[in-house]
2 protein chains.
Amino acid sequence: MTGTTPSQTREVLRQAPWLRAYPPELGERLLAEGRLVRRAIGEWAQAEGDDRGGLVVVIAGQLHSYCAAPGDRTVMIGLVSPGAVLGHATRFSGGPRLVTAVCVEPTILLELTEAALDRVAAHRPELWRAIADFTYANMRSVLQLAAETVALGPRERLVARLLAAAERRAEPDTAEAPVIRISQELLGEMAGLTRKTANHHLSALARSGLIALGYGCIRLLDRAALQRIISG
Amino acid sequence: MTGTTPSQTREVLRQAPWLRAYPPELGERLLAEGRLVRRAIGEWAQAEGDDRGGLVVVIAGQLHSYCAAPGDRTVMIGLVSPGAVLGHATRFSGGPRLVTAVCVEPTILLELTEAALDRVAAHRPELWRAIADFTYANMRSVLQLAAETVALGPRERLVARLLAAAERRAEPDTAEAPVIRISQELLGEMAGLTRKTANHHLSALARSGLIALGYGCIRLLDRAALQRIISG
DNA sequence: CAACGACTGTTACGCTCGTTACAATTGATG
DNA sequence: CATCAATTGTAACGAGCGTAACAGTCGTTG
């Protein structure tokens, strides 16, 4: 689960959506100038309010991202998987972090300081464009999240979050039935539902044959039908 | 309502949150290189999917911003007031527009083409930093929107949207009781509620003396108490 | 001033979700 | 293998929102 071999690291950088369109040397440069660090379960990759510069690229493992809500509440925004970048909003604006990311698996991060980014950009100016691409995609997904949450009913929201979790996986879905490793409680939290209600809807979906429920994981059996639920 | 005098235009650029920290010459440059255009009620300032570059600064009037949601629905994201920038996500990434903005008042926009931006930046490189500031603030408010929608109950959501609408007004709230010009129906839509439910909660708030309801407008009487509702 | 449209207030009913509580199952730890 | 924590399934009750329909009020337009 914590693949650290150099070839696996390179593969993550090659397959990351925001780097895929650029020559592999860009990823190589990032790897050369950055620093690989391990984080255990429960540790932060970054904390909301932290104002150090630089970027962090997730190489292996998985994180949950949270955002502060009024009344000392925290809201889980989504899953952060290998290939994702943390800190880009700060990098561009100098403001404090917007989200807190907590490791839920042993995680490997590629830390890039401001100086390291400048060194890479000196040889490969397209770096900024690549990071801008990621920022744009991220903004799009946040906007999508907000729109779905307002427009969709609870059941549709749940399905939408499930599909979003599936999409965010860096691995290309070779298997016809991708397995999402997430508890029903967490999925419900992301949709603003209690575990009970989440369970209720998921059971109904399982009875319809659209998904299969396991212990701490969900298998998507009919992705097209799930998509129709939130589109209809 | 459609103040076009040069001094009013300059004042908007001076007071815009993302420009306030920079010398007034930056705003002057933008004004000199950009083009002022009028838009009537119902016209677009920009449309989702539009992929022309450049930026638009709102000088006078008001717009509603919408975002596409699954199932051919559109969700109103918020009010766009003088001082706001449209098109920044596209400017940085080259992707298509993320939101559609429609004028709900006669509106004056300052259109800045890619070439105009480059000309301004040649003399005032801090332009990019200023726009990055705006992008960051915008991302923050969208994230806030999503978090509130998930974490808060319907009534609290409604209050949150009301306060957000009040904050987004460029005018400094000199009056102790700022007046928000928005229909209950629209406010309800932004909170994902029907007009009936929005009315119900607003009436209760009015009976408690926290707000005063008018025809197409809402007056905030006790902002601190409203804030406590969503924080408690 | 008169008529029209837009906005606001109110009613009753049904459905869905949250709360609380308990039981069964899986996986990990020693 | 035994034990414990985490996760999942289920029940009954109450509260809140959505739907649908209608009446009253404000502002504007001719």
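Per chain, numbering begins at 1; letters A, B, ... match sequence-line order. Being a predicted model, the structure only gives us computed values, none of them experimental.
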message: Nearest whole Å is fine: how far is C:dG9 C1' from B:Leu205 CG?
response: 15 Å
task: With DNA chain C as reference, determine whether A:His201 or A:Tyr215 sits nearer its 5' end, using the nearest nucleotide of each.
output: A:His201
task: Give a yes or no on whether a salt bridge exists between A:Glu189 and A:Arg195, defined as a side-chain N under 4.0 angstrom from a carboxylate O.
output: no
message: Counting only heavy atoms not in A:Glu11 (residues, nucleotides, ligands), do more than 12 fall under 6.0 Å from its CD?
response: yes
message: Using the rule given for side-chain hydrogen bond (donor to acceptor under 3.5 Å, both in side chains), can you reason through B:Thr149 versus B:Arg161, listing the C-alpha separation, both sets of side-chain angles and the distance that settles it, and then say yes or no?
response: CA-CA 10 Å; B:Thr149 310; B:Arg161 296 299 138 80; 2.7 Å; yes
query: Reckon A:Gln184 has a side-chain N or O less than 4.0 Å from the OP1 or OP2 of D:dA6?
result: no
statement: Output row for DNA chain D, stems defined as at least 3 consecutive Watson-Crick or G-U pairs under 3.5 Å, is C:1-30 with D:1-30
query: So, is B:Ser183 close to the C:dC7 phosphate, meaning a side-chain N or O under 4.0 Å from OP1 or OP2?
result: no
query: In whole angstrom, what separates B:Leu202's CG from D:dC17's P?
result: 12 Å
task: Look at all strands and tell whether B:Gly192 reaches a base, only sugar-phosphate, or nothing, counting heavy atoms closer than 4.0 Å.
output: sugar-phosphate
message: For D:dC17 and B:Thr197 - does any side-chain N or O of the residue sit under 4.0 Å from the phosphate oxygens OP1/OP2?
response: no
message: In whole Å, I'd like the distance from the CZ atom of A:Arg155 to the C1' atom of D:dG18.
response: 16 Å
- prompt: When the nearest nucleotide of DNA chain D is assigned to A:Lys196 and to A:Cys217 on a heavy-atom basis, which residue is associated with the more 5' position?
  reply: A:Cys217
Carboxylate-amine/guanidinium contact B:Glu111 B:Arg39, below 4.0 Å: yes
- request: Can you tell me the distance, in whole Å, between the CD atom of A:Glu185 and the C1' atom of D:dA5?
  value: 13 Å
- line: Rounded to whole Å, CG of A:Leu152 lies from C1' of C:dC17 at a distance of 16 Å
task: Report the distance from atom NE2 of A:His200 to atom C1' of D:dT7, rounded to the nearest whole Å.
output: 19 Å
message: Donor-acceptor pair, distance only, cut-off 3.5 Å: does the side chain of B:Arg219 make one with the backbone of B:Val179?
response: no
Distance in angstrom units between B:Arg181 CZ and C:dA6 P, rounded: 16 Å
task: Rounded to the nearest angstrom, tell me the gap between atom CG in B:Leu158 and atom P in C:dT8.
output: 12 Å
task: Please name the pair of heavy atoms, one in B:Gly78 and one in B:Met190, separated by the smallest distance, quoted to 0.1 Å.
output: CA-CE, 3.8 Å
field: Residue-phosphate contact under 4.0 Å: B:Asn199 side-chain N/O, C:dG9 OP1/OP2
entry: yes
query: Got a donor-acceptor pair under 3.5 Å from the side chain of A:Arg195 to the base of C:dG18?
result: no
statement: Note: A:Ala60 and A:Pro82 closest approach over all heavy atoms is CA-CG, 3.9 Å
